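Note that the structure is predicted; figures quoted are calculated from it, not measured.
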Amino acid sequence: TTVETQEGRARQLQATIAELRDDKEKTQQSLEAMKKAKELAETKGSELQDEIETLNGKLADSGAAYNAQVAAAEKSSTEAAQKEAGLENRISELKADVADWEKKDK
C-alpha cells in the first residue's frame with residue numbers, strides 16, 4: 001500500500017540521513033586530524049629551519065676561524081722564511097769577515 005511504501009521510503013531516508021551524519025562526523029574528525037598533522041609539520045619545519053640557521057652560523061664561524069688560522073700560519077711561515085734568509089745572509093757576512101781576517105793574518 002501507499003502508506004507502507006511511504007513508511008519504507010521514510011526508513012530508507014532516515015537510514016541515509018544517519019549514514020550521512022556518520023560520514024560528516026568521520027570527515028570532520030579526519031579534517032581535524034589533518035589540521036593537527038599540518039600544525040605539527042609546520043612546527044617541526046620551523047624548528048628544523050631554526051636548527052639549519054644555527055648550524056649555518058656555526059659553519060660560518062668555523063670557516064672564519066679556519067681562515068684566520070691559515071692566515072696566521074702563512075704569516076708565521078713567511079716570518080720564519082724571512083728570519084732564515086736574514087740568518088743565512090749574516091752567516092755569509094761572517095764567513096766573508098773570517099775569510100778577510102785569514103787573508104790579513106797570512
Inset, instruction - With sequence neighbours left out, write down each residue that passes side-chain hydrogen bond (donor to acceptor under 3.5 Å, both in side chains) with R9, or none if nothing qualifies. - result: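 Expected list: none.
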Legend entry - Which residues share a side-chain hydrogen bond (donor to acceptor under 3.5 Å, both in side chains) with Q82, sequence neighbours left out: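 With sequence neighbours excluded, Q82 shows a side-chain hydrogen bond (donor to acceptor under 3.5 Å, both in side chains) to no residue whatsoever.
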Atom [atom1] of [X] and atom [atom2] of [Y]: how far apart are they, to the nearest 0.5 Å?
X   : Y   : atom1 : atom2 : result
T54 : Q49 : OG1   : CD    : 10.0 Å
K38 : K35 : NZ    : NZ    : 9.0 Å
T27 : D22 : OG1   : CG    : 10.5 Å
Y66 : L59 : OH    : CG    : 13.0 Å
L20 : K24 : CG    : NZ    : 10.0 Å

Legend entry - Pair listing, salt bridge (Lys or Arg N to Asp or Glu O under 4.0 Å) test, anchored in residues 80-104, at least two apart: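 For residues 80-104: R90-E93.
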Inset, instruction - Please collect all salt bridge (Lys or Arg N to Asp or Glu O under 4.0 Å) contacts where either partner lies in residues 44-60, sequence neighbours excluded, each pair once. - result: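 Passing the test, one end in residues 44-60: no pairs.
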Inset, instruction - Please write out which residues are connected to M34 in a hydrophobic cluster, directly or through intermediates, given that two of Ile, Leu, Val, Met, Phe, Trp, Tyr count as joined at side-chain heavy-atom separations below 4.5 angstrom. - result: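 Members besides M34, by chain and number: L31.
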Legend entry - Members sharing L55's hydrophobic cluster (side chains within less than 4.5 Å):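 Its cluster partners, ordered by chain and number, are none at all.
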Legend entry - Flag side-chain contact, heavy atom, 4.5 Å: Q29 against E25: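 The answer is yes, as the side chains (C-beta and beyond) meet within the 4.5 Å cut-off.
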Legend entry - Backbone of E39 reached by a side-chain donor or acceptor of T43 within 3.5 Å: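 Here the side-chain-to-backbone pair exists.
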